Enquirer: 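This is the structure I want to talk about, given as C-alpha cells.
Fair warning: this is a prediction, and the values are worked out from it, not measured in the lab. Lettering of chains follows the sequences in order, A, B, ..., and the numbering in each one begins at 1.
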Protein chains: 2
Amino acid sequence: MEKQTITIYDVAREANVSMATVSRVVNGNPNVKPTTRKKVLDVIDRLDYRPNAVARGLASKKTTTVGVIIPDVTNLYFASLARGIDDIASMYKYNIILANSDQNDVKEIQVLNTLLAKQVDGIIYMGHKITDDMRAEFSRSKTPVVLAGTVDPDEQVGSVNVDYRNAAEEVVAELIKSGNERIAFVSGPQADPINGIYRLAGYKDALEKASMEFDESLIFESEYSFTSGEELFTKLAESGATAAFVGDDELAVGILNGAVDRGVKVPEEFEIVTTNNSKLTEMTRPKLSTITQPLYDIGAVAMRLLTKLMNKEETDEKTIILPYHVAHRGTTRSED
Amino acid sequence: MEKQTITIYDVAREANVSMATVSRVVNGNPNVKPTTRKKVLDVIDRLDYRPNAVARGLASKKTTTVGVIIPDVTNLYFASLARGIDDIASMYKYNIILANSDQNDVKEIQVLNTLLAKQVDGIIYMGHKITDDMRAEFSRSKTPVVLAGTVDPDEQVGSVNVDYRNAAEEVVAELIKSGNERIAFVSGPQADPINGIYRLAGYKDALEKASMEFDESLIFESEYSFTSGEELFTKLAESGATAAFVGDDELAVGILNGAVDRGVKVPEEFEIVTTNNSKLTEMTRPKLSTITQPLYDIGAVAMRLLTKLMNKEETDEKTIILPYHVAHRGTTRSED
DNA sequence: CTGTTAGCGCGTTCAC
DNA sequence: GTGAACGCGCTAACAG
C-alpha cells in the first residue's frame with residue numbers, strides 16, 4: 001500500500017556513488033565523469049527513479065511553477081491568453097497553477113495567498129483591472145508579477161497590453177468616416193480601466209477630432225456575456241445609434257444576434273466593431289470586424305517577461321505594449 | 001534582497017512556545033489550550049506568517065494539488081470541464097496544475113511525468129481518448145486518476161461521461177423521423193473512441209432500427225475546428241446528405257456557416273445536430289440543436305470523485321455516467 | 001571529479 | 001497540553 005518511492009539514496013547505493021553525484025547527473029552538472037554519469041543514468045532508468053520536485057523545491061527554493069490568476073477559463077479572451085502563457089511556460093520548464101477568480105476581489109486575494117504559500121516562482125495576473133488590495137499584496141511580496149491584458153496605472157509590476165485607447169480611437173474614427181453620426185460605446189464593466197478609461201478616452205478622442213459631441217446616452221455598460229448583448233440591442237436601437245464600438249467579443253456576438261433577430265441588417269443598417277479577435281469573431285455571419293489583439297502573444301510575452309523577472313535578468317522594459325491591427329470584416333462597410 | 005521568509009520557528013519564538021504547538025494551531029489540532037492558541041494566532045497575524053506549502057508537502061506527503069491534463073484550454077468543451085474541475089477543487093482546498101497536451105501522445109506522457117514528479121495528489125485527464133502508454137503509466141503509479149469526458153474501455157481508473165452512444169442514436173433517429181434519408185456522420189478524429197466507437201455505433205443503431213443502410217461515404221472525419229467544418233460542407237453537399245450529426249460544436253458551427261455561405265437554408269434544406277451544448281451553440285443563428293451534455297458537471301463530478309479517491313473513501317462506483325438531454329433549437333425541424 | 005555535511009520548513013511521534 | 005527530536009528528499013557549499 002505504500003507509495004514505495006525510490007529516492008536519490010536508492011539510486012546512489014545501486015550505482016555505488018554518493019547522492020551528490022546522482023544529484024549532479026540529474027541536474028546536468030558537467031562535473032561528472034562520463035563513465036559514472038552513464039552508470040548513474042542506467043540505474044535511474046532501471047529503478048525508474050523520478051526526482052521529487054517538492055523536496056527539490058524545499059532545498060532550492062524554486063518550484064518551477066508559476067501561478068496564473070484568471071477571471072474565467074471559459075472566456076475565450078482569457079483562455080487564449082492562458083494558452084500563450086502555458087506554451088511559453090512549458091517551453092521554459094515551468095508549470096502553471098491555474099486559478100479562476102471570477103473577478104471577485106476577496107477570492108483574488110485569497111487565491112494569491114495560497115499561490116504564494118505554494119511558493120510559486122512568479123505570478124501572472126489577468127483580469128482587466130487590479131484592485132488596490134491586490135496592488136498592495138503585489139508590492140509587499142517579492143515574487144515577480146506580470147499582468148496580462150490588464151493595466152496598472154502605477155506600472156509597479158510588469159505588464160503586457162495593447163494600446164487600447166489608440167485602437168478604440170482608430171476604429172471609432174472609421175465608423176465616423178463611414179457616415180455614422182450616433183455611435184454607441186458598449187463595454188463590459190467600466191470599473192475595468194481598460195473600458196472605463198482607455199477605450200472610453202479613445203472613443204472620445206475620435207469624436208472630438210471629428211467635432212462631434214459626446215452624448216452620455218450612447219454609453220452602455222454591460223457584462224461580458226453574449227446574452228447581455230442580445231438584450232442590449234433593443235436599447236441600442238432606441239438610442240438612435242447606427243453603429244457600435246464593442247469592448248468584448250461575446251458581447252459583440254450578442255449584439256449582432258440581437259440585430260439579426262430583429263431583422264436589422266448588419267452592416268447596412270447597423271455597424272459593429274469589436275475588440276479582441278478571439279475565434280468567435282470568425283464564427284459569426286457576417287464575421288465581426290475587430291481590433292485584432294494578438295491574444296496568444298500577449299500571454300506568451302507576459303510569460304516570457306516573467307521568466308526574465310524570475311531569473312533576475314535585465315529587462316529593457318517592464319511595461320510592454322504589443323501592436324494591434326484592425327480587421328475589416330463583415331460587420332462594417334469599409335472593407336479593405 | 002532576501003525573501004526574508006518567516007518560518008514556524010519565528011512564530012514559536014515570538015509566542016514563547018515550541019514550533020510543534022504552532023504547527024498544531026495552524027493545523028487546527030484541538031490539543032492546544034485556548035489561551036496559547038490565541039497567543040499563537042496573534043503572533044501569526046502580527047508576523048504575517050504564511051505556512052510554506054512546499055515544506056508541508058514534503059513532510060506530510062500531500063500537496064493539495066491535482067494535475068489536470070487538457071488538450072487545449074482554448075476549446076470551449078474542455079474549458080467548460082476545466083471550470084467545473086477548478087470550482088470543486090477550490091471548494092475542497094485543492095489547486096490545479098493545468099497542462100495543455102494538444103492530444104500529443106509524447107507530450108502527454110511527458111506532462112504526466114512532471115505532474116507526478118511534482119507529487120500531485122491526483123490527476124484528471126481529459127482528451128476523449130487514452131493511449132496504451134498512458135493507461136500503462138496510470139496503472140503503474142499509485143496516484144488516483146479520473147478521466148473527464150474520456151472513456152477507458154478497461155475501466156481501470158475513475159471516469160465521468162455521458163452515454164455517447166445512446167445520445168447519438170437518439171438524435172439521429174429524430175433526424176430520420178424528420179424525413180432525412182441520407183444523414184452524414186461528422187466527427188473529430190475517429191481515433192477517439194467517443195467518435196469512432198460510441199457515437200458511430202449509436203449512429204448505426206439508429207439506421208438499423210429504421211432499416212436504413214449504412215453508407216460509408218456519409219462518414220466524415222475532421223478536426224475539432226470551425227474552419228475544418230466550413231471546408232467540409234462542400235463535401236457534405238456532394239455526398240447527397242440532407243442532414244448531419246456532428247460530434248463537436250466548433251465543427252458544427254463551421255458546417256452551419258458553410259451552409260449559410262453557400263446559400264443553403266438551415267434547417268429547411270439541411271439539418272444539423274451537434275453534441276456538446278457549449279455556449280457556442282446559442283451564439284449562432286439559427287441556434288444549434290444539440291445534445292446537452294452537462295459539461296460543467298462532468299468536470300465537477302470528476303473532481304469530486306477524485307477527492308474521494310484521494311481520501312481513500314469508499315466510492316459506490318468509479319465509472320460515472322451523467323444524464324444528457326436534447327435541445328431542439330434552430331438547426332432541426334422538429335422543435336419541441 | 002566525487003563524497004560529506006548541513007540545512008530547507010514543517011509534520012509527527014514520543015516523552016514529560 | 002506542550003516540547004524535543006527525527007525525518008521527508010533533495011540542493012548546495014565545502015573538502016578532498
Side-chain angles (χ1 to χ4, degrees), chain A residues 2-41 43-44 47-65 93 114 116-121 142-143, chain B residues 2-41 43-44 47-65 114 116-121 142:
Chain A
E2 281 320 291
K3 219 169 175 176
Q4 64 129 68
T5 32
I6 27 199
T7 77
I8 198 169
Y9 283 104
D10 301 321
V11 178
R13 185 170 10 86
E14 289 287 316
N16 291 315
V17 297
S18 76
M19 53 162 296
T21 301
V22 179
S23 176
R24 291 195 185 92
V25 172
V26 169
N27 294 302
N29 186 317
N31 294 340
V32 182
K33 202 198 303 174
T35 335
T36 52
R37 175 186 302 281
K38 176 158 186 354
K39 188 172 57 179
V40 172
L41 283 175
V43 176
I44 286 181
L47 266 47
D48 196 33
Y49 164 70
R50 184 189 292 126
N52 181 323
V54 174
R56 233 172 176 169
L58 222 210
S60 69
K61 292 179 169 304
K62 288 207 182 73
T63 54
T64 62
T65 103
K93 310 292 181 200
T114 82
L116 292 176
K118 297 225 167 167
Q119 312 301 116
V120 295
D121 296 336
K142 307 224 56 93
T143 307
Chain B
E2 282 320 292
K3 221 168 175 177
Q4 62 129 66
T5 32
I6 27 202
T7 77
I8 199 170
Y9 283 103
D10 301 321
V11 178
R13 184 168 12 84
E14 288 287 316
N16 292 314
V17 296
S18 77
M19 56 152 295
T21 301
V22 179
S23 177
R24 291 193 186 94
V25 172
V26 169
N27 293 303
N29 185 315
N31 294 341
V32 182
K33 203 197 303 174
T35 335
T36 52
R37 175 185 302 283
K38 173 154 188 357
K39 190 171 56 179
V40 172
L41 284 175
V43 175
I44 286 181
L47 264 47
D48 198 32
Y49 164 71
R50 184 190 291 127
N52 181 324
V54 175
R56 236 171 171 168
L58 222 211
S60 69
K61 294 179 170 300
K62 287 207 182 71
T63 55
T64 62
T65 301
T114 82
L116 292 176
K118 296 223 168 169
Q119 312 300 116
V120 293
D121 296 336
K142 305 222 57 90

Enquirer: Within the 4.0 Å heavy-atom criterion, would you say B/Asn31 contacts the bases, only the backbone, or no part of the nucleic acid?
Expert: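 It contacts base atoms.
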Enquirer: Is any side-chain N or O of B/Thr21 closer than 4.0 Å to OP1 or OP2 of D/dG3?
Expert: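 Yes, B/Thr21 has a side-chain N/O under 4.0 Å of OP1/OP2 on D/dG3.
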Enquirer: Identify the heavy atoms of A/Val43 and A/Ala15 that sit nearest to each other, and give their distance.
Expert: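 Closest approach of A/Val43 to A/Ala15: CG2-CB, 3.7 Å.
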Enquirer: Both B/Leu58 and A/Val17 contact DNA chain C. Taking the nearest nucleotide for each, which residue is further toward the 5' end?
Expert: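 Going by which nucleotide is closer to the 5' end, it is A/Val17.
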Enquirer: Between A/Arg56 and D/dT11, does any side-chain N or O lie under 4.0 Å from OP1 or OP2?
Expert: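 So the side chain of A/Arg56 is within the cut-off, an N or O lying under 4.0 Å from OP1 or OP2 of D/dT11.
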Enquirer: I want to check one thing: is the phosphate of C/dG11, taken as OP1 and OP2, less than 4.0 Å away from some side-chain N or O of B/Lys62?
Expert: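 Indeed not, no polar side-chain atom of B/Lys62 lies that close.
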Enquirer: Any idea which heavy atoms bring B/Val17 and B/Val40 closest together, and the distance?
Expert: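 Looking at all heavy atoms of both residues, the shortest contact is CG2-CG2, 4.1 Å.
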Enquirer: I want to confirm an ordering. Mapping B/Ala55 and B/Pro34 to their closest nucleotides on DNA chain D, which one lands closer to the 5' end?
Expert: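 Looking at the nearest nucleotide for each, B/Pro34 comes out on the 5' side.
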Enquirer: Can you check whether A/Gln119's main-chain N or O pairs, donor with acceptor, with A/Lys61's side chain at less than 3.5 Å?
Expert: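 No; judged by distance alone, with no hydrogens or angles, the pair does not exist.
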Enquirer: When the distance from CE of A/Met19 to C1' of D/dG9 is rounded to whole Å, what number comes out?
Expert: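 That distance rounds to 7 Å.
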Enquirer: Looking at D/dG3, I'd like to know if its phosphate oxygens (OP1 or OP2) sit under 4.0 Å from a side-chain N or O belonging to B/Ser18.
Expert: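 For B/Ser18, the contact criterion (side-chain N or O under 4.0 Å from OP1 or OP2 of D/dG3) is met.
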Enquirer: Please give, in whole Å, the distance from C/dG9 P to B/Arg13 CZ?
Expert: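 Result: 13 Å.
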Enquirer: Do the side chain of B/Asn29 and the main chain of B/Asn31 share a donor and acceptor less than 3.5 angstrom apart?
Expert: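 Yes; at least one donor-acceptor contact below 3.5 Å.
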Enquirer: Tell me: NZ of A/Lys39 to C1' of C/dT2, nearest whole Å?
Expert: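 For the pair A/Lys39 NZ and C/dT2 C1', the rounded distance is 11 Å.
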Enquirer: Looking only at side-chain atoms of B/Val32, point me to the closest of C/dT2, D/dT2, C/dG11.
Expert: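 Nearest listed nucleotide: D/dT2.
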Enquirer: Establish, with yes or no, whether the OP1 or OP2 oxygen of C/dG11 is under 4.0 angstrom from a side-chain nitrogen or oxygen of B/Asn27.
Expert: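 Answer is yes, contact under 4.0 Å.
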Enquirer: Counting only side-chain nitrogens and oxygens, does B/Lys61 get under 4.0 Å of the OP1 or OP2 atom of D/dG9?
Expert: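 For D/dG9, OP1/OP2 do have a side-chain N/O of B/Lys61 under 4.0 Å.
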Enquirer: Counting only side-chain N and O atoms of A/Thr5, is one of them less than 4.0 Å from OP1 or OP2 of D/dG9?
Expert: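 The answer is yes; a side-chain N or O of A/Thr5 sits under 4.0 Å from OP1 or OP2.
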Enquirer: How would you label the contact of B/Ser23 with the nucleic acid (heavy atoms, under 4.0 Å): base, sugar-phosphate, or nothing?
Expert: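 The residue B/Ser23 makes base contact.
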Enquirer: With hydrogens left out and only the distance checked, is there a donor-acceptor pair under 3.5 Å joining A/Arg24's side chain and the base of C/dG3?
Expert: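 Answer is yes: a donor-acceptor pair is held.
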Enquirer: What's the shortest heavy-atom distance between A/Leu116 and A/Thr143, and which atoms?
Expert: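 Looks like CD2-OG1, 3.5 Å.
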Enquirer: How close do A/Asp121 and A/Thr64 get, heavy atom to heavy atom, and via which atoms?
Expert: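 Smallest interatomic distance, heavy atoms only, reads OD2-N, 2.7 Å.
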Enquirer: When you match A/Tyr9 and A/Thr36 each to their closest nucleotide on DNA chain C, which lands nearer the 5' end?
Expert: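 Comparing both residues, the 5'-ward one is A/Thr36.
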Enquirer: Rounded to the nearest angstrom, tell me the gap between atom CD in B/Gln119 and atom P in D/dG9.
Expert: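 So the CD-P distance, B/Gln119 to D/dG9, works out to 9 Å.
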Enquirer: Which one, D/dC10, D/dG1, D/dC8, comes nearest to the side chain of B/Ala59?
Expert: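 Nearest listed nucleotide: D/dC8.
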Enquirer: Expressed as a whole number of angstroms, how long is the span from B/Lys118:NZ to D/dC10:P?
Expert: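 Roughly 15 Å, once rounded to whole Å.
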Enquirer: Let me know the distance between CG of B/Asn29 and P of D/dG1, rounded to the nearest Å.
Expert: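 Taking atom P of D/dG1 as the reference, CG of B/Asn29 is at 10 Å.
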Enquirer: Please give, in whole Å, the distance from D/dT11 P to A/Asn52 CG?
Expert: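 Those two atoms, CG and P, are 9 Å apart.
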Enquirer: Rounded to whole Å, how long is the line connecting atom CD1 of B/Ile44 with atom C1' of C/dC10?
Expert: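 Distance, rounded to whole Å: 13 Å.
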